[in-house]
Amino acid sequence: MSTIAEIPNRFDFETAQTRIYQQWREKGYFHAVPDPKRKPYTIVIPPPNVTGALHLGHALNNTLQDVLIRFKRMQGYNALWMPGTDHAGIATQAVVEKRLRENENKTRHDLGREELVRRIWSWKDEYEKRILGQLQRLGASCDWERTRFTLDDQCARAVRYTFFDLFQKNLIYRGKRLVNWDTFLQTAVSDDEVNTETIKGQFWHLKYPVIDPQPGEPEFVIVATTRPETMLGDTAVAVHPDPATALHKVEQDLQDRLAKATASERSALEAQLEAIRQRRSTHLESLQLLALMARNGRRLLLPLLNREIPLIADTWPKPELGSGCVKITPAHDPNDYEVGKRCKLPMINILNSDGTLNAEAGPYAGFSLKQARQKVVADLEAQGLLDRVEDKEIELPVSDRSKTPIEPFLADQWFVKMETLAQSAMNAVSDGRVSILPKRYERSYLDWLGEKRDWPVSRQLWWGHQIPVWSLAALTDTEAEELLANVRSLPGFDEAKVAVQLELNDETDPEKRTRLNLPYGHLHVAIRDEADKFAASLESLGFERQPDVLDTWFSSALWPHSTLGWPEKTAELNYFYPTNTLVTSRDIITLWVARMVLMGLNNVGQIPFDQVFIHPKILDGFGETMSKSKGNGIDPLDVIDKFGADALRFSMVHLTTETQDVRMPVQFECPNCAASIEQTKKNRILPRVECPSCKKPFSTQWASTPEDQALPRGPVLSERFEVARNFSNKLWNAARFAMIRLEGYEPGPIDFEQLTIEDRWILSRLATVTAEVTKRLDEFAFAEVARLLYDFSWQDFCSFYVEMLKERLSDETTRPQAQRLLAFVLDQLLRLLHPIMPFVTEEIWQLLRGIAPVRGLPHPQAAEEWLIVAAWPKAEMQWQRPEIESQFALFQTALGALREIRAKQNIPPRREIQFVVRCQPHTALLIEQTSIYLESMAAAKLIAAGPNVTTPKPAATLALPEMEICVDLTGLIDKAAEKQRLEKEHVRLVGLISGTEGKLSNQAFVSKAPLDVIDKFRDQLRQSREQLAAVESALADLQ
RNA sequence: GGACGGUUAGUUCAGUUGGUUAGAACGCCACGUUGACAUCGUGGAGGUCGUUGGUUCGAGUCCAAUACCGUCCACCA
């Protein structure tokens, strides 16, 4: 038998977490295998970046998934949570390269591809262990036996099959594209990995001389640029072909907007309109002249390099801006690239891959961009070709990974054609096969896919899935044909496993190609199987494998089916796919969710999941996203250490509201004195902080010097976790009470006839809460679930039911039934709370099993050995009794009123007070039934109840709905306090009555409002008047 | 420039299809350790629901405008 001494009054989460998690794993409860007799429920984890540490966002994301998995597992589903990590191409390689540079002063080229990849693998092994360990400490019930990695053999096979399939369908092609070039990492990065920063820059106006200007024509055209050094790659200057029409259209648009504009927008628009009109009168003539010059084939002299370039007409330049002329640098600007393609301009790449200038830059070759800018500007100025310079705020694209400026750069890249794939993914959502919740996020998904932009999938990295394509240039068309024939006749050629594409050179003129030493085209051969010896044969013909690897999202896109064994038709794939729910955050709806849908449809022919739940983001107290680089991030492990995994989980669930992101003010915790120090934008980036209360310093994540690092580390925490920690402790202590009072428990049937009002009430509440929690979990209304369970546990169960059971548990005749009910309600509560707080509930479950292994209503049976696999409670709707709940509410009101009098009259806690209740006989019955609880919970003894009781004098009068309680204050009365209380109540009632009277005397209200609403107000008015009368007579008695 | 979200107590957030004088938690104030729990209990103070207008018998809730905060997308020679 347990005694108080045996069960500590604090839940020791530290040891319980480790022990229980270990036991669950040993029992194999996380492992799911296909079983046709049961329904599957599957979630695939959004694989965290293998080199990252878990942050609070992960904690939120994974808590929600675990709640769903545990909920469904308890509901009897065959629940599989598929875990794994992502190889995260650039991020991972960058980290290892950085370490290499810092520790060994080497670059990746010093090591070579094979060695670098080997190093990254060993780095990965170390960090994968760490991140999976973090998930385990959170309590994640993932099927660890199935853990996958986006770069492991199984995923690699899926990637190759997918690539091959798309290649064969001609949905993969290579083309020249302007890419975002990271000169530091020397790789192309996707648009999604580019951030723009606003910096102070300049706007240079350059003068390009016109060659042989005709009379009336200007000597120079003026172009403006924020990047003067790129002029070395200019191949044209463009003007609008019809400035008059263009200006007219702009003016028209402005007028349209002005018509719909609000007052505050008006003045700005009017100013713009005026500027356009002004411009037309001053500039139109010269703009038209320029357009004419362009039509006449005028040429310009590109300064410094003295290259002749054409003045061309194109619709890109806007006549309303600048000089109306735009320099065109097709190889280094996205818009110019489009112009270059339209006008068939040469594309001159002036950059080396490291960001220095190449031979095309003539005398500037070898310079860095920064140096080149200075020199170009200086030289232009010396030649009198710099018109003017103005200061301007400019948007600088910056690589998310290396934080260095991005250069647009013309390079060979591989693309996936999106037209049909994107359409299929759009259909899946618009016809409801995949639902995205909350629904508003569907729009960003559909809008993004709707653009159907081809997906650039190659990355100039070594870490990742190397593109399984072998290529060789063919100089002429005949050579290409021969080569093709040779490939086809190679031993082992099999169209099911090998596919060939011919990529023609953009330059179609054979003479020009010969002159420029360009090939006719390239033969690309894709090989499906990793082990295929065909590659060796190809290489003997001179083919070389493409060095690039695939975008990380390419393998992530296959995650729901590659983890289940595709392309094999495994039992797992057949059983668990399509998965049920994907839980993720909104920033990867496009990058990841959309691509999983289209790849799932392409590869398996089925959607990857039925539902996508998008959860909120956690912001700090300033409303900023948490991140390591800002220093405002919370490490979930710090939270687990201090508050326990259950507390962290409960907090996360409690924060997950449907409508918005959530703020969480954060503090440092002083490791010396445990004081909490509010984080400010200032102190959050310091390497060391001095505690204002103990004056001792501690280190932060920024500590880099040995002295700072030697200081104790002050974790970043939030007091918001205390609520949940206290809750888990409350639960623990309620259980502790139960264990003590269940001594001598014997199972037996419950006699419903003998149920007291509080029994019927708690069963009614239990049925309601069970039904509601179940419904809300299915709707992903997590915060609501947390709130329902918190209130039910703390208020209904602890503050009322357990308090009321105390009496019956001390009486031998009532004890057995009370014990059975206590065991049962606790049992149900543990089940309901388990998905959110698995550790404390499992720990209590085991204790409960020790003392009351057989329990239940109405007929007891042996409880499951482990809570994690216990059945989810069924809402017994026949227990729902609204009339009992409203009766109980009366009792609660009476209790509250009695306690209020005690407080207001300052009556010592243990001093008993006496009271009578004036009320209808049926209310009297209820009060008599519950009077022992008014006695135990408010030390208030009922003397009499009914319509004709005698009011004691002096008395405190509590005018409540349906009853008037008179507390005997003989020897106790504080007249002033009582008078004050009554007067306040008087004011309230008078206000209420006049408001209600006003409403009821309003003819419009009485004639239009629904009857039940009118009745409600009438009822209220009657009640308020009764209460007012009681208050008034009590006031009179006080005089 | 486009799309979306938010604005309710000192703080963080709830608030169902419009219907009593708007709730919770934390914090604050007062009182209290008799055997589950001071990580607790009891009571209390604290809000003209961003602003303006409209619809309605009735608006935190619906509509329009407006201000501010935030997120995503696009674009800026």
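Below, chain A is the first sequence line, B the second, and so on; all start at residue 1.
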Original post:
Between A/C325 and A/I222, is any pair of side-chain heavy atoms under 4.5 Å apart?
Top reply: no
Original post:
Is any side-chain nitrogen or oxygen of A/K617 closer than 4.0 Å to OP1 or OP2 of B/G70?
Top reply: no
Original post:
Under 4.0 Å: is that the gap between some side-chain N or O of A/T657 and OP1 or OP2 of B/C13?
Top reply: no
Original post:
Over how many whole Å does the gap from A/H654 atom NE2 to B/A24 atom C1' extend?
Top reply: 8 Å
**OP:** Give me the residues of residues 1008-1017 of chain A where at least one heavy atom lies under 4.0 Å from an atom of RNA chain B, by number, or none.
**Re:** A/K1008, A/A1009, A/P1010, A/V1013, A/K1016
**OP:** Please answer whether the main-chain N or O of A/E669 pairs with a side-chain N or O of A/S676 as donor and acceptor at a distance below 3.5 Å.
**Re:** no
**OP:** Considering just the side-chain nitrogens and oxygens of A/R1022, establish if one lies under 4.0 Å of OP1 or OP2 belonging to B/U20.
**Re:** no
Original post:
Using the C1' atom in both, what is the distance from B/G19 to B/A59, to the nearest Å?
Top reply: 10 Å
Original post:
Which listed nucleotide (B/C40, B/U42, B/C57) is nearest to the side chain of A/F1005?
Top reply: B/C57
**OP:** Scan A/R981 against the nucleic acid and name what it touches under 4.0 Å (heavy atoms): base, sugar-phosphate only, or nothing.
**Re:** nothing
Original post:
On a whole-Å scale, what distance lies between the P atoms belonging to B/U42 and B/G5?
Top reply: 40 Å
**OP:** Taking only the side-chain heavy atoms of A/N729 (C-beta and beyond), determine which of B/U42, B/C37, B/A36 contains the nearest atom.
**Re:** B/C37
Heteroatom pairs (N/O) under 3.5 angstrom, protein to nucleotides 9-12 of chain B:
unit_1: B/U12; atom_1: O3'; unit_2: A/R663; atom_2: O; d: 3.4
unit_1: B/U12; atom_1: O2'; unit_2: A/R720; atom_2: NH1; d: 2.6
unit_1: B/U12; atom_1: O2'; unit_2: A/R720; atom_2: NH2; d: 2.5

**OP:** In whole angstrom, give me the gap between the C1' atoms of B/G15 and B/A36.
**Re:** 34 Å
Original post:
B/A25 and B/A14: how far apart are their P atoms, nearest whole angstrom?
Top reply: 16 Å
Original post:
Does a donor on one side chain and an acceptor on the other come within less than 3.5 Å for A/S728 and A/D646?
Top reply: no
**OP:** Return no unless some side-chain N or O of A/R10 is found under 4.0 Å from OP1 or OP2 of B/U39.
**Re:** yes
Subject >> Euclidean distance for C1', B/U56 against B/G18 (whole angstrom) >> reply: 9 Å
Original post:
Which value, in whole Å, describes the distance between the P atoms of nucleotides B/U52 and B/U61?
Top reply: 13 Å
Original post:
Pairing of RNA chain B as dot-bracket, 5' to 3': ( ) intra-strand, [ ] crossing, | other strand, . unpaired, with Watson-Crick or G-U pairs under 3.5 Å?
Top reply: (((((((..((((.....[...)))).(((((.......))))).....(((((..]....))))))))))))....
Listed pairs, N/O of protein and of nucleotides 45-50 of chain B, under 3.5 Å:
unit_1: B/A45; atom_1: OP1; unit_2: A/K984; atom_2: NZ; d: 2.5

Original post:
Could A/K730 and A/F797 be counted as a cation-pi pair, given that NZ or CZ must be under 6.0 Å from the ring centre and within 45° of the axis?
Top reply: no
Taking only nitrogen or oxygen atoms into account, show me every contact under 3.5 Å that the protein makes with nucleotides 25-29 of chain B, one pair per line with its distance.
none

Subject >> Contacts of A/E962 that satisfy salt bridge (Lys or Arg N to Asp or Glu O under 4.0 Å) - sequence neighbours left out >> reply: none
Original post:
When all nucleic acid strands are considered with a 4.0 Å heavy-atom cut-off, which category describes A/G995: base, sugar-phosphate, or nothing?
Top reply: nothing
Original post:
Taking OP1 and OP2 of B/A38, is either one under 4.0 Å from a side-chain nitrogen or oxygen of A/N9?
Top reply: yes
Subject >> Closest listed nucleotide, where the reference is the side chain of A/E900 and the choices are B/G43, B/G32, B/U34 >> reply: B/G43
Subject >> Interatomic distance at C1', B/C62 relative to B/C49, whole Å >> reply: 16 Å
Original post:
Which whole number of Å gives the distance between the C1' atom of B/G70 and that of B/G50?
Top reply: 15 Å
